[in-house]
Amino acid sequence: MAANTLLSNEELERGRRARSVRKHITAYGFLAPAFAFLIVFLFIPLIVAIYLSFTRYDLLTSPEWVGFANYETLFQDPLFWQGLRNSFIYLSVTPILIVLSISLAIVVNRRLRGVYIFRTIYYIPAVTSVVAVGMIFEFVFAEPAGLLNGVLTSLGIIDAPINFLTHPNSTLVSIMLVTIWRGIGFYMIVFLAALQSVPEELYEAAALDGANRFQQHWHITVPGIRPSIIFVAIISSISALKVFEEIWVMTDGTAGLLDSALTLMFYLYRQAFTNLEMGYAAAIAVVFSIITVVFSLLNLRYLERNNHEPEQP
Amino acid sequence: MNLSSPKTADIALAAPPRVRKPRGRWLGKTGWYTIMVLFGLVTAVPFLWTALMSVRPNSANVFRANQPPEIIPYPGLIGWGEGQRTATQEGSYTALPWDGTLPEGTGLGWWRDYGDQNELLLGTTLSQYAFPATTANYYRVWTDVNLPRYIFNSLVVAFSVVTLQLLTCSLAAYPLAKMRFKGRDTAFYLILATLVFPDQLTLIPTFIMSVNIFGFADTLHGLIIPFGANAFGIFLLRQTYQSIPNEIMESARIDGASEFGIWWRILLPLIRPGLATLAIFSFVGSWNSFLWPLLMLRNEAMFTLPVGLAFLEGAFTGNLRTVAAGVMVATVPIILLFLVFQRQFIRGLSGAVKG
């Protein structure tokens with residue numbers, strides 16, 4: 001620029017620096033409101049959580065440093081192991097959800113009249129609150145007047161009502177069914193979006209090569225939507241690990257008879273907010289987070305590795 | 001067959017203009033519709049069952065021994081307001097289970113008992129499946145627990161959270177997407193890292209701070225402020241900003257617009273689809289959130305809808321019809337909202353996932 005020739009190098013440098021400072025002030029100004037919230041309600045609590053896990057703290061007296069005592073107690077706590085076991089059992093909703101929602105996405109990914117109406121209906125559970133869904137399924141599972149028991153009894157399939165939510169053997173499984181029911185539509189939409197980006201021509205070529213429908217989906221659909229499968233595997237296994245609301249609602253806040261539906265997250269809630277063992281609960285939260293992060297990484301690794309294998313033996 | 005071989009790919013690419021073969025012939029249209037309807041029933045029946053429960057006049061089992069189930073509602077005791085007692089006395093049946101427990105009132109409101117028979121159904125085989133439906137459960141849940149108050153609280157919280165998140169996220173995502181400055185990548189990775197850690201880790205310290213330091217217990221702003229920023233939202237909007245060409249901002253800068261002016265007047269209108277997606281997600285998330293309000297609220301007047309709903313069962317022990325009416329009131333509006341905005345919902349979800 002012509003004007004620059006009138007300025008000394010020093011002035012130029014000063015101008016550049018001033019512009020740079022102004023640029024940084026603008027950028028950080030834009031970031032500031034969000035970071036204020038994130039720092040206070042995310043970053044600080046993250047550090048405090050780790051600190052608390054090494055203390056004994058009941059909200060009333062100040063935290064007392066106890067070293068690794070919480071973790072030592074934790075690993076000898078039968079309820080912790082029960083929660084861990086139940087959380088891992090709960091994880092089995094993930095493969096079921098993936099298979100069912102991919103199948104459903106394949107079904108609705110065709111040009112049929114009215115297919116949009118079905119897609120919409122399938123998505124409705126995903127926008128309904130977990131609390132409402134839990135209560136709806138209390139009506140479905142109720143004994144003896146619930147829908148399932150009523151239908152099964154009048155069809156003569158069962159003689160006595162099944163205690164879906166009150167028998168220790170069936171409580172967790174019944175709640176898992178609800179999670180699957182609520183999740184299918186949501187993940188179906190995720191997979192549908194992915195399916196629509198798989199080129200149609202690939203199927204035609206495969207059909208020419210003599211692949212049957214199942215082979216087509218196994219060799220084209222599944223590799224084609226692998227990023228979505230990874231995404232769903234991670235998201236749904238995290239939400240399976242941290243399941244809480246369904247259990248709270250459907251067992252009326254008790255985690256079921258004999259703690260049969262006690263998951264890790266529920267145990268955390270109970271220790272923190274019923275027993276006021278904040279330090280101990282923080283230790284559960286730390287262990288829980290490590291499990292979650294490790295699990296996400298495993299999912300990512302495993303599904304990524306499969307990606308590099310040849311598609312045809 | 002090797003699908004990844006170049007040969008097949010060439011064939012695929014060279015394929016003549018997409019002649020769409022009707023795939024799915026092996027099952028046929030009827031087959032696909034059957035599958036879709038069956039799964040539609042699996043989705044819809046629990047809702048329909050709840051709706052059925054919510055209009056039942058009494059606690060009798062829908063499935064009666066050796067008789068057809070009562071699953072077809074026809075108008076029975078219909079109305080709104082106090083004065084329901086008068087209606088039942090004048091009406092042809094008095095099977096209402098809570099006689100005398102509704103607030104006293106004579107002639108207030110509007111009630112009419114259409115009787116325990118329906119002319120349309122009378123004499124048909126359907127009549128043995130029929131029962132007189134009532135709106136009394138809805139009236140009771142609307143008045144006996146403060147359902148309008150819960151809805152109001154939920155709306156206040158959800159709208160505030162949406163507004164706040166739209167503001168903070170759209171501000172923060174702009175420099176992350178469009179500016180060059182020191183610490184940008186660090187800031188971005190910090191935000192990404194928070195997505196990896198489950199929010200359960202921060203639950204306890206956030207609770208302690210909120211109650212002991214900020215005094216958030218039993219307040220509505222205690223349900224809003226902790227959710228003032230959303231790492232996922234920043235991530236989402238950053239991608240929306242990146243799709244906008246830099247030239248638009250450059251020309252505005254040459255025209256002498258300030259960065260804030262560019263953001264407010266030019267960029268915000270352009271990222272509207274991203275904002276809509278974020279708004280929908282944060283609205284549904286806030287409207288449905290349960291654990292945090294459960295921890296924060298003791299005072300019934302501050303309850304949000306999910307918390308109020310969860311305690312309905314305690315309030316109406318044994319009266320599941322009233323609870324069912326409450327569930328309907330809580331779910332139907334959000335389902336209607338979804339039906340109205342379903343395009344944005346689904347496109348937003350797909351966009352957010354594809355990234």
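Both backbone and side-chain heavy atoms feed into the values below; hydrogens, waters and symmetry mates do not. Chain naming here is simple, since letters A, B, ... match the order of the sequence lines and numbering starts at 1 in each.
For B:Lys178, no part lies near chain A; criterion is any non-hydrogen pair under 4.5 Å. Using a 4.5 Å cut-off between heavy atoms, B:Ala324 touches chain A through backbone and side chain atoms alike. Interface residue A:Val151: backbone and side-chain heavy atoms are both found under 4.5 Å from chain B. Contact of A:Glu138 with chain B is made through the side chain alone, with heavy-atom distances under 4.5 Å. Contact annotation for A:Val133: neither backbone nor side-chain heavy atoms come within less than 4.5 Å of a heavy atom of chain B. For A:Ala132, the parts sitting under 4.5 Å from any heavy atom of chain B are the backbone and the side chain alike. If you measure heavy-atom distances from A:Asp252 to chain B, the contacts under 4.5 Å come from the side chain alone. Residue B:Val37 touches chain A through both its backbone and its side chain, counting heavy-atom pairs closer than 4.5 Å. For a residue to count as touching a neighbouring chain, one of its non-hydrogen atoms must lie under 4.5 Å from one of that chain's; by this rule A:Ser154 touches chain B with the side chain only. Heavy atoms closer than 4.5 Å to chain A are found nowhere in B:Val307, neither backbone nor side chain. Only the side chain of A:Thr292 comes within less than 4.5 Å of a heavy atom of chain B; its backbone N, CA, C and O stay farther away. At a 4.5 Å heavy-atom cutoff, the contact between A:Met135 and chain B is made by side-chain atoms alone. The contact between B:Leu295 and chain A is made entirely by side chain atoms (from C-beta outward), counting heavy-atom distances below 4.5 Å. With a 4.5 Å cut-off on non-hydrogen atoms, A:Leu104 touches chain B through its side chain but not through its backbone. For a residue to count as touching a neighbouring chain, one of its non-hydrogen atoms must lie under 4.5 Å from one of that chain's; by this rule B:Met209 touches chain A with the side chain only. There is no contact between B:Trp287 and chain A, counting heavy-atom distances below 4.5 Å. Contact annotation for A:Arg113: both backbone and side-chain heavy atoms come within less than 4.5 Å of a heavy atom of chain B. Contacts of B:Leu167 with chain A are absent, with no heavy-atom separation under 4.5 Å from either backbone or side chain. Contacts between B:Ala330 and chain A at a heavy-atom distance below 4.5 Å are absent for every atom of the residue. Contact of B:Ala173 with chain A is not made at all, since no heavy-atom distance falls under 4.5 Å. Residue B:Leu305: no heavy atom, backbone or side chain, is found under 4.5 Å from chain A. Using a 4.5 Å cut-off between heavy atoms, A:Ile184 touches chain B through its side chain atoms alone. Only the side chain of B:Leu339 has a heavy atom closer than 4.5 Å to any heavy atom of chain A. Both the backbone and the side chain of A:Leu59 come within contact range of chain B, judged by heavy atoms closer than 4.5 Å. For B:Phe214, the part lying near chain A is the side chain, with the backbone staying farther off; criterion is any non-hydrogen pair under 4.5 Å.
A 4.5 Å side-chain heavy-atom check between A:Tyr269 and B:Leu294 finds at least one atom pair inside the cut-off. A 4.5 Å side-chain heavy-atom check between B:Asn288 and A:Val130 finds every atom pair outside the cut-off.
Nearest heavy-atom pair, B:Ile204 versus A:Ala282, reported as atom, atom and distance to 0.1 Å: CD1-N, 3.6 Å. Shortest non-hydrogen contact noted between A:Leu147 and B:Phe63 is O-CE1, 4.0 Å. What you find for A:Pro45 and B:Pro205 is that their closest heavy atoms are O-CG, 3.2 Å. Nearest heavy atom pair, residue B:Trp49 against residue A:Gly146, reads CZ2-C, 3.7 Å. In terms of heavy-atom proximity, A:Tyr122 sits nearest to B:Ile35 at OH-O, 4.4 Å. Here the shortest heavy-atom pairing between B:Thr43 and A:Ile121 reads CG2-O, 3.4 Å.
Aromatic ring centroids of B:Phe181 and A:Phe30 lie 6.0 Å or more apart.
Residues satisfying the salt bridge (charged side-chain N to carboxylate O under 4.0 Å, His left out) criterion with A:Lys242, sequence neighbours excluded, are B:Asp199. For B:Phe188, the side-chain contact (heavy atoms from CB on, under 4.5 Å) partners are B:Leu176, B:Leu192, B:Phe235, B:Arg238, not counting sequence neighbours.
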May I have the step-by-step check of side chain to side chain contact (heavy atoms under 4.5 Å, CB included) for A:Val127 and B:Leu337, ending in yes or no? CA-CA 10 Å; A:Val127 296; B:Leu337 192 78; over 6 Å; no
Working note: B:Trp32 + A:Phe118, criterion side chain to side chain contact (heavy atoms under 4.5 Å, CB included); need CA distance, chi angles, decisive distance, verdict. CA-CA 11 Å; B:Trp32 293 122; A:Phe118 287 103; over 6 Å; no
When you look at A:Phe43 and B:Thr194, which way does the side chain to side chain contact (heavy atoms under 4.5 Å, CB included) test go after all the steps? CA-CA 8 Å; A:Phe43 298 142; B:Thr194 63; 3.1 Å; yes
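Taken from CD1 in A:Ile124 to CZ in B:Phe338, the straight-line distance is 6.0 Å, to the nearest 0.5 Å.
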